[in-house]
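Structure record follows, encoded as structure tokens.
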Number of protein chains: 2
Amino acid sequence: MTDVVTPPTSPVSRERSKEIKRLSVISTARQVRLLSRAELTELTGLSPATLTPLVRDLIAEGYLIERGPGTSRAGRPRAMLEFNPRAELVAAVSLEPSRISCEIADSDGAVVAHRAIRLTGDIVDTICRSVPELAGDGLPALRGVAIAAPGVISGGAVRLAPSVGLIEGRPIGESVQRTLGVPVVVDNDVNLMAAGEHAAGAGTDVADLLLLHVADGIGAGLVLDGQVRRGARGAAGEVGFLPLDPAGRGHDGIGPFEARWSENAIAERVVALAPGRRPDSPVRALVALAVTDPHAAGYLDELLHAWSRLIVSCVCVIDPGRVLLSGAAADLDDAAVGRLQDLVTAAAPSTTEVRRAVLGDRAVLHGAVSYALSAAAAGLPTLLPAP
Amino acid sequence: MTDVVTPPTSPVSRERSKEIKRLSVISTARQVRLLSRAELTELTGLSPATLTPLVRDLIAEGYLIERGPGTSRAGRPRAMLEFNPRAELVAAVSLEPSRISCEIADSDGAVVAHRAIRLTGDIVDTICRSVPELAGDGLPALRGVAIAAPGVISGGAVRLAPSVGLIEGRPIGESVQRTLGVPVVVDNDVNLMAAGEHAAGAGTDVADLLLLHVADGIGAGLVLDGQVRRGARGAAGEVGFLPLDPAGRGHDGIGPFEARWSENAIAERVVALAPGRRPDSPVRALVALAVTDPHAAGYLDELLHAWSRLIVSCVCVIDPGRVLLSGAAADLDDAAVGRLQDLVTAAAPSTTEVRRAVLGDRAVLHGAVSYALSAAAAGLPTLLPAP
DNA sequence: TTAATTCGTTCGCCGTAGGAAGGAAGTGTG
DNA sequence: CACACTTCCTTCCTACGGCGAACGAATTAA
């Protein structure tokens with residue numbers, strides 16, 4: 001009956017505070033890219049004496065690269081240090097219906113390697129083989145893996161239910177984590193997109209945002225106070241279920257709102273207006289049609305009204321301050337976005353910016369990078385001093 | 001051109017980590033109430049050697065009181081330490097139309113002193129005089145002040161606009177903080193209620209909840225991941241503005257939904273159903289009427305449907321997992337709450353509990369206590385080791 | 001060439017953490 | 001009643017890391 005070897009759980013002790021300083025320096029360097037030790041003392045508040053050995057370690061580990069001397073008007077020139085983004089790699093894995101796409105990126109979100117893999121055997125096995133293979137000799141720098149679960153766009157806990165055993169939470173995440181030995185995060189792709197836009201897209205300057213993703217369904221990703229919020233059961237952002245439309249009828253996992261106003265529904269209507277095969281981007285097609293066809297213009301207006309009610313609902317509940325349009329909603333032209341903004345402004349209780357997301361397909365990747373990097377720093381909420 | 005004397009902003013340095021340990025012990029003691037040093041070593045992970053002087057200090061400062069020896073089967077009995085809630089006092093100030101009510105409470109939320117004051121002169125002056133007077137010789141133990149702004153229930157930034165200059169943010173908060181020298185938080189009362197129920201009411205066991213407060217207007221307070229979330233402009237929870245009701249018409253600061261389904265609206269309808277003067281609790285009156293009067297029963301059902309749509313909307317956006325009914329909504333009887341729960345379950349994408357809030361009037365006070373205590377610990381996100 | 005200036009490093013003090021040992025205060029047992 | 005035993009708390013001691021201060025380094029200005 002020996003106890004499990006629980007690590008004595010020391011408190012805030014020595015090792016911890018050392019780690020905090022390390023992270024403080026790394027995170028500063030990540031932002032500033034090229035700086036000297038003198039600047040580090042200013043920015044981190046650490047004394048030069050403390051920095052000397054710390055920086056030495058970081059150079060040895062490859063986080064920092066010593067560059068030539070910088071310019072200075074007088075005195076000894078500062079020896080510049082450059083942050084090496086390749087020192088930290090992350091893997092972003094996207095699960096798609098019959099394949100997985102896997103990308104290795106550095107901490108700038110620059111893709112170092114990528115590959116799409118047909119899904120044949122076990123998912124966990126495939127991931128655990130592909131990631132190290134793709135990372136190659138960069139494997140020791142791997143800091144985390146983020147896995148984006150598909151089709152969750154507007155299903156969350158509910159719609160995922162059938163595959164929950166396979167995809168969500170424990171099974172995949174923990175298995176991969178055990179095998180690869182780095183933190184693994186599993187989340188739905190809309191949440192990852194929101195994190196991506198927040199970290200490197202149209203939301204870097206705000207702490208709160210809502211990303212509205214319109215595809216086969218409609219889902220939202222939510223960033224509040226700088227963090228993605230998933231709600232109690234991970235179903236936050238299931239805005240396709242909003243009871244906004246008396247005419248909307250949901251069914252088995254499809255919400256009443258998205259049943260009428262998702263990309264699929266729009267496509268049907270567009271095909272009815274302009275017979276032919278389904279266009280690649282129904283929204284763009286509709287916008288184009290609306291210029292000449294009054295029926296299309298009328299429907300576009302209906303659509304914008306519907307989406308605006310959706311956005312206003314979100315604003316009333318969480319007041320994100322900024323709403324990003326993603327997926328099919330990003331295909332609106334400037335005029336339509338402006339119209340949407342006006343509708344929202346008229347009905348919302350708080351000023352809210354509506355604009356397009358900017359990262360497109362790369363949003364998930366950037367989100368994965370941001371997840372994986374913060375997972376690496378987990379347990380150590382930022383204690384950085386004010387700049 | 002001397003620089004402002006910015007404190008050198010040391011990083012995570014010595015004093016800081018000492019402070020962290022202090023808070024770690026205090027917070028553990030606050031939860032456990034009666035414990036020995038031996039238990040503290042287990043719970044905090046600090047070594048006995050570290051604890052001895054720390055506990056000595058805390059006893060000297062009045063945070064802990066040494067009690068007689070406890071029981072033990074063998075060996076030296078543990079000397080028990082009792083947490084003294086009176087060691088930390090907070091002030092909760094409620095701004096009401098023409099008066100302010102001021103309460104001093106200990107960290108259990110037990111009211112030590114209270115008083116209602118007619119508002120004559122300047123608000124800030126009044127507060128800064130009343131609080132110390134009321135605290136009396138307990139003043140040195142004052143850890144924070146929370147000010148609940150009134151009538152913000154469903155106005156947030158918008159409805160507050162006229163009085164923003166006087167009430168919100170900087171002016172009052174900062175002035176009082178400067179004068180009294182303790183952290184001051186200003187927030188609207190619904191947010192405080194949500195914090196209160198989370199800290200000491202019907203939400204102590206969950207990290208996420210939504211408190212729906214129905215009064216003259218309808219507002220919601222939001223706790224996500226254990227924190228009250230206010231949104232980008234402080235307008236989170238403005239659910240009275242939800243565009244759920246095609247028939248609802250909002251006007252100058254009144255949302256379309258609350259215009260039809262707030263306590264005021266219900267009162268009018270109840271008076272129409274049973275002429276007389278307006279009952280104290282329109283909802284209770286309606287529930288009673290519904291037993292015999294089919295019209296009342298029909299209206300009650302409409303009302304529950306409306307509220308359920310409101311709740312479902314919130315669930316779709318943030319998935320709080322638990323919804324607490326407060327204000328007039330807490331006057332529903334068990335049957336009606338059950339019916340509401342069923343309606344929500346049928347339409348929500350995620351399982352959600354609906355129940356009554358339990359603190360009633362005391363919710364704001366408990367919220368203020370929780371705010372003030374966490375304000376005292378601010379800047380030091382919990383680094384407590386896992387239990 | 002010398003002074004002035006700014007950077008980075010090494011040295012050494014100090015304070016805190018935590019290990020080890022010892023005293024304190026009980027219970028059980030011969 | 002004496003003795004071992006157990007558990008709790010304290011005190012002593014050592015090790016380690018942060019930071020102040022002095023020092024060496026590398027350049028510009030005079």
Side-chain angles (χ1 to χ4, degrees), chain A residues 7-25 29 32 34-60 64-82 383-385, chain B residues 7-25 29 32 34-60 64-82 383-385:
Chain A
T9 314
S10 107
V12 197
S13 48
R14 211 113 56 190
E15 315 103 38
R16 200 64 170 255
S17 79
K18 198 172 179 180
E19 193 66 16
I20 292 177
K21 296 196 185 67
R22 259 182 70 93
L23 289 172
S24 157
V25 171
V32 187
L34 188 66
L35 38 56
S36 70
R37 292 170 176 79
E39 286 167 90
L40 274 176
T41 55
E42 281 175 34
L43 294 172
T44 63
L46 297 165
S47 73
T50 309
L51 275 171
T52 293
L54 217 176
V55 168
R56 191 172 14 235
D57 288 355
L58 291 179
I59 290 177
L64 296 175
I65 302 173
E66 193 136 30
R67 295 295 180 201
T71 63
S72 63
R73 16 187 96 266
R76 172 177 176 174
R78 16 186 80 174
M80 303 310 283
L81 302 168
E82 189 181 352
L383 284 175
L384 305 185
Chain B
T9 315
S10 107
V12 199
S13 49
R14 210 111 59 190
E15 317 103 38
R16 202 64 172 257
S17 79
K18 198 172 180 182
E19 193 65 15
I20 291 177
K21 296 196 185 68
R22 259 183 71 94
L23 289 173
S24 157
V25 171
V32 188
L34 188 67
L35 38 56
S36 71
R37 290 170 178 78
E39 287 167 88
L40 273 177
T41 55
E42 282 174 33
L43 294 173
T44 63
L46 298 165
S47 74
T50 310
L51 275 171
T52 294
L54 217 176
V55 168
R56 192 173 13 234
D57 287 355
L58 291 179
I59 291 177
L64 297 175
I65 302 173
E66 193 138 31
R67 294 295 180 203
T71 65
S72 62
R73 16 187 95 266
R76 173 177 175 175
R78 17 185 78 177
M80 303 308 284
L81 302 167
E82 188 181 353
L383 283 176
L384 305 186

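Lettering follows sequence order; numbering is per chain, from 1. Source: prediction; values computed, not measured.
In this structure, the NZ atom of K21(B) is 16 Å from the P atom of dG15(C), given to the nearest Å. In this structure, the CZ atom of R67(A) is 20 Å from the C1' atom of dG8(C), given to the nearest Å. In this entry the distance linking CE of M80(B) with P of dA25(C) reads 17 Å, nearest Å. Per the geometry, CG belonging to L54(B) stands 11 Å off P belonging to dT16(C), to the nearest Å. E42(B) places its CD atom 11 Å from the P atom of dC9(D), with the value rounded to the nearest Å. The CZ-P distance, from R37(B) to dC9(D), rounds to 6 Å in whole Å. Computed from coordinates, the L46(A) CG to dG8(C) P distance equals 15 Å when rounded to whole Å. The separation between L51(A) atom CG and dT10(C) atom P is 13 Å, rounded to whole Å.
Here the nucleotide nearest the side chain of A49(A), chosen from dC19(D), dG8(C), dT9(C), is dC19(D). Checked against dT9(C), dA25(D), dT11(D), the side chain of R76(A) finds its nearest nucleotide in dA25(D). Counting only heavy atoms from C-beta on, T50(B) has its side chain closest to dA17(C) among dA17(C), dT10(D), dT9(C). Of the listed nucleotides (dG20(D), dC9(D), dG18(C)), dG20(D) has the atom at the smallest distance from the side chain of S47(A). Side-chain atoms of R78(B) lie closest to dC8(D) of the nucleotides dT27(D), dA21(D), dC8(D).
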Working note: L81(A) + E66(A), criterion side chain to side chain contact (heavy atoms under 4.5 Å, CB included); need CA distance, chi angles, decisive distance, verdict. CA-CA 5 Å; L81(A) 302 168; E66(A) 193 136 30; 4.3 Å; yes

Chi angles and distances behind the side chain to side chain contact (heavy atoms under 4.5 Å, CB included) call for T52(A), R56(A): CA-CA 6 Å; T52(A) 293; R56(A) 191 172 14 235; 4.1 Å; yes

Test log, rule side chain to side chain contact (heavy atoms under 4.5 Å, CB included), inputs L40(B) and L46(B): CA-CA 8 Å; L40(B) 273 177; L46(B) 298 165; over 6 Å; no

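Residue contacts shown for A38(A) are limited to sugar-phosphate atoms, with no base heavy atom under 4.0 Å away.
Side-chain N or O atoms of T41(B) include one that pairs as donor or acceptor with a backbone N or O of A38(B) at under 3.5 Å. Using a distance-only test at 3.5 Å, with no hydrogens or angles considered, no donor-acceptor pair links the side chain of E42(B) to the main chain of E39(B).
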